[in-house]
Amino acid sequence: MRTAPQRLTIMHTNDIHSHFEMMSPLAAVIAEHRDFSEDPVLLVDIGDHMDRAAVETEGTMGQANIDVINLSGYDAVTIGNNEGLTFSQEMLEAIFSGLQCPVVCCNFVDSSTGLPPLWMKRHTIVEKDGIRIGITGATVAFTSFYSLLGWEVTEPEQALREQCLILAPQVDVLIVLSHLGLPADKHLAENLEGVHAILGGHTHHMLEQPLIINGTAVCGAGKFGRYVGKLIFERGQEAEGFKLVSGECIPVDPLVTDDLIQPAVAIHLARGQEALRETVAITDRELPLNQNGESPFGNLLAQAVRQFTGSQLSLVNTGQLLGSLPKGEITTGLLHALCPSPINSCVMMLSGRDIRMALEQSLTEVFQSKVIYGYGFRGEQLGTLAVDGLKILYNPQSMPYDNGIAIFVEEEPLEDEREYRVGTLDMFTFQMGYESIANGRETVFMLPHFLRDLLRLELGRPESLDECAVLRWDPRVFK
């Protein structure tokens, strides 16, 4: 009979978002804990490891992330919305075909078959020194977006319950990889039986110590690889189950490096930069950007969205752009650097009243300087609204919201009660930024093309550079 307690260490990461500068330090911390632990160590990631805002991910189509995951020795991962929604089915198959550990998610299936893709499992069992660890996972159900990419992503609770019932009789420790967010994790802990830990992500929550709910440890390790979560489970006599001994989030020192990961990251950065050197256009003029007012580059983005969506008018925030478009050679890498957000366009029916509200708000400093987190936005501030298909007269001397604005669509005054076909951004449908735009109806999302892809198309359209120089916002005093 065994008298010494048996221990298992679980280390977990989440929402790294392709912060490659932290991957080598993160791997060093994990390696140190592995080396000094006499007990088996399980390492898992909870999704959004990839982010196409990073050159390494964009230029290698995610292979840089896969290489780091393999070299770091992960035992299992799940996917987040940044993996599932920013790559096509074919891309995901190519990306995960080289992964050396299982991708685990139970609420994600191919719409055409009703089954998980070949590179994904609903659950897995990993054995460490005779300890059987059951792992299942789930990702957040952005149903309408996923359906456009050929996936069916269902509400997770019932799917997780089914997998937990299958796993519980077979394993010593049962964990859930949850890319669902902290509120959902708390709910799951209250309603799922037999789960030792829910390791969370998506909402970027950092819990210094686990929340214990209904006997389940609810955990989260923040974002960007700044922390790694660590749990220690222990069991004594053979008849006893594993119990949580301790849980914490360990800060990662960005100055520490790992001998395997550091050179791999450098190689992938160089490969990514090389892949993004393709020339997409050569321009004869600079297109300046003003995030707090009208400018040619902002207008070009609005034109790109209107042309792509085939709408009457378009509304885009200038914060999507991070700098002016220079004169001369325009490469895919330059467009990626200037417009890194993995955001898609959409088209909707929107009332004149809601259009007017958004435009009035966009004249105010409080909206222009608003900081936005998540929902694909990778800019620094919201910015003002750039438009196409509209003419706006306004009094720059007036106070905010004093109705000192006149809006024309196709030379006719905007009617508050009329609905217009508007091209805009998927970010706004989550009530982020200019919230009145979320009131649109019959919204159609234009996946998988990002805004930088639309800019590329627009730069190839004759007269686009001349058109973006034409003022939409006319600052005049009127009665």
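No experiment lies behind these values; they were computed from the predicted model shown.
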Salt bridge between [X] and [Y], side-chain N to carboxylate O under 4.0 Å?
X: Glu419; Y: Arg441; value: yes
X: Arg277; Y: Glu274; value: yes
X: Lys128; Y: Asp39; value: no
X: Glu458; Y: Arg306; value: no

Side chains of [X] and [Y] only: does a donor on one sit below 3.5 Å from an acceptor on the other?
X: Asp354; Y: Ser351; answer: yes
X: Gln262; Y: Ser24; answer: yes
X: Ser112; Y: Asp110; answer: yes
X: His268; Y: Asp67; answer: yes

Exercise for the section: Return the orientation label for the Trp119 and Trp151 ring planes: parallel under 30°, perpendicular over 60°, tilted otherwise. Expected result: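 Taking Trp151 first and then Trp119, their aromatic rings stand perpendicular (interplane angle over 60°).
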Exercise for the section: Look at the side chain of Thr318 and the backbone N and O of Thr384, then say whether any donor-acceptor pair between them is shorter than 3.5 Å. Expected result: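 Flag set: sc Thr318 to bb Thr384 pair under 3.5 Å.
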Practice task
Could you tell me which residues satisfy ring-ring contact (aromatic ring centres under 6.0 Å, His included) with His19, sequence neighbours excluded, listed by chain and number?
Solution key: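 Expected list: Phe224.
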Practice task
Mind checking ring-ring contact (aromatic ring centres under 6.0 Å, His included) for His33 and listing every partner two or more places apart, or none if nothing turns up?
Solution key: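 Partners of His33 under the ring-ring contact (aromatic ring centres under 6.0 Å, His included) test: none.
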Handout entry: Side-chain heavy-atom pair Ser341, Phe450 within 4.5 angstrom cut-off
Key =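 Not touching, per the 4.5 Å side-chain cut-off.
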Extract all donor-acceptor atom pairs below 3.5 Å that involve side chains of residues 330-339 and protein atoms in other chains or at least two apart in sequence.
from	atom 1	to	atom 2	distance (Å)
Thr331	OG1	Gly333	N	3.4
Thr331	OG1	Leu334	N	3.0
Thr332	OG1	Leu276	O	2.9
His336	NE2	Arg52	O	2.6
His336	NE2	Ala53	O	3.4

